[in-house]
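Below is one structure, written out as structure tokens; the observations come after it.
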Amino acid sequence: VEMARSLGLHTPLEPVPGLVLGQAEVRLIDLTAAYGAVANDGIWHAPSTIRQLSDTTRSPGSSPQLSLRPGRRVLSSRTARSMQQLLKAVVRTGTGRAARLGGGEGGKTGTTNGGRDLLFIGYEPQRHWTIGVWLGNDDNSPTHSSSALAASLWAEIVRASSPSSPAN
């Protein structure tokens with residue numbers, strides 16, 4: 001529970017063994033920020049949302065917009081890098097194969113009992129993006145699908161927002 005708090009998870013959590021398996025409900029934005037800390041070698045930054053994607057071409061002499069808020073260390077670099085290897089394996093050979101882009105991306109799938117919630121949280125290191133995708137029904141009915149669908153949507157979002165994408 002203490003580690004979850006340091007990673008930015010503020011929902012009520014019970015210190016039970018099932019917690020590490022995802023038994024508690026947490027907000028997607030908080031969970032995404034926690035994975036972002038892993039992707040960022042153990043440095044946590046407050047999460048933000050994407051409101052609009054636009055052409056990434058910048059005029060000469062301009063610089064990319066960077067976060068002005070400092071981060072805080074929540075994991076050692078060594079621990080974060082070990083976790084990155086696990087998350088990369090999920091995308092290369094595990095349940096997150098639908099998110100594979102052919103680079104250094106990593107992520108984690110999640111499907112709740114009955115397939116009511118389908119999750120994929122992944123990071124794309126070249127752009128320093130960590131994106132969480134949730135799919136489900138508003139009435140909490142089963143989706144009859146798996147988290148591979150969320151991983152596939154994650155990959156579509158990242159590909160569509162790539163500077164080399166024909167859509168941009």
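On a predicted model such as this, the values are computed, not experimentally measured, just so you know. By convention here, the first residue in the shown sequence is residue 1.
At least one donor-acceptor pair closer than 3.5 Å links the side chain of D139 to the backbone N or O of S141. Remark: side-chain polar atoms of R127 are paired, donor with acceptor, to backbone N or O of S161 under 3.5 angstrom. Distance alone, capped at 3.5 Å, is enough to place a donor-acceptor pair between the T143 side chain and the G115 backbone. Without hydrogens or angle criteria, W44 side chain to L7 main chain gives a donor-acceptor distance under 3.5 Å.
One hydrophobic cluster holds both L13 and L28 under the rule that ILVMFWY side chains link at heavy-atom gaps under 4.5 Å. Residues L19 and L31 fall within the same hydrophobic cluster, defined by Ile, Leu, Val, Met, Phe, Trp and Tyr side chains chained together at heavy-atom separations under 4.5 Å. One hydrophobic cluster, built from ILVMFWY side chains closer than 4.5 Å, cannot hold both L153 and W134; they sit in different ones. Taken together through direct or relayed side-chain contacts under 4.5 Å among Ile, Leu, Val, Met, Phe, Trp and Tyr, L75 and Y123 form part of one hydrophobic cluster. Side-chain heavy atoms closer than 4.5 Å link hydrophobic residues (I, L, V, M, F, W, Y) into clusters, and following such links, possibly through other members, connects M3 to L9.
Taking R81 as the reference, D41, S77, Q84 meet the side-chain contact (heavy atoms from CB on, under 4.5 Å) condition, with sequence neighbours excluded. The side chain to side chain donor-acceptor pair (under 3.5 Å) search around N113 returns none, not counting sequence neighbours. The side chain to side chain donor-acceptor pair (under 3.5 Å) test applied to T112 returns D117, not counting sequence neighbours. R116 is linked by a salt bridge (Lys or Arg N to Asp or Glu O under 4.0 Å) to nothing, counting only residues two or more places apart in sequence or in another chain.
Closest non-hydrogen pair, A155 versus A99, comes out as CB-CA, 3.8 Å. Annotation for A39 and T130: closest pair CB-OG1, 4.0 Å, computed over non-hydrogen atoms. Smallest separation of non-hydrogen atoms from G42 and A80: N-CB, 3.5 Å. Nearest heavy-atom pair across A148 and A98 is O-CB, 3.6 Å.
Here side-chain hydrogen bond (donor to acceptor under 3.5 Å, both in side chains) pairs that include residues 4-13, with residues two or more places apart or in two chains, number zero. For residues 12-29, the pairs satisfying side-chain hydrogen bond (donor to acceptor under 3.5 Å, both in side chains) are R27-D30, with sequence neighbours left out.
By the 4.5 Å heavy-atom criterion applied to side chains, P47 and T32 are not counted as neighbours. L135 is listed as a side-chain neighbour of L149, based on a closest heavy-atom distance under 4.5 Å. In this structure the side chain of Y35 reaches within 4.5 angstrom of the side chain of L87, judged on heavy atoms. For the pair V158/E105, no side-chain contact is recorded, criterion being any heavy-atom separation below 4.5 Å from C-beta on. A 4.5 Å side-chain heavy-atom check between V74 and I43 finds every atom pair outside the cut-off. No side-chain heavy atom of W154 sits under 4.5 Å from any side-chain heavy atom of R159.
Within the model, atoms OG1 of T109 and CG of L119 stand 9.0 Å from one another, a figure rounded to the nearest 0.5 Å.
Side-chain contact check for T79 and S82: no donor-acceptor pair (N or O, by modelled atom type) lies under 3.5 Å.
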Step by step, work out the side-chain contact (heavy atoms from CB on, under 4.5 Å) result for R100 and R92. CA-CA 6 Å; R100 186 157 187 177; R92 287 187 185 129; 4.0 Å; yes
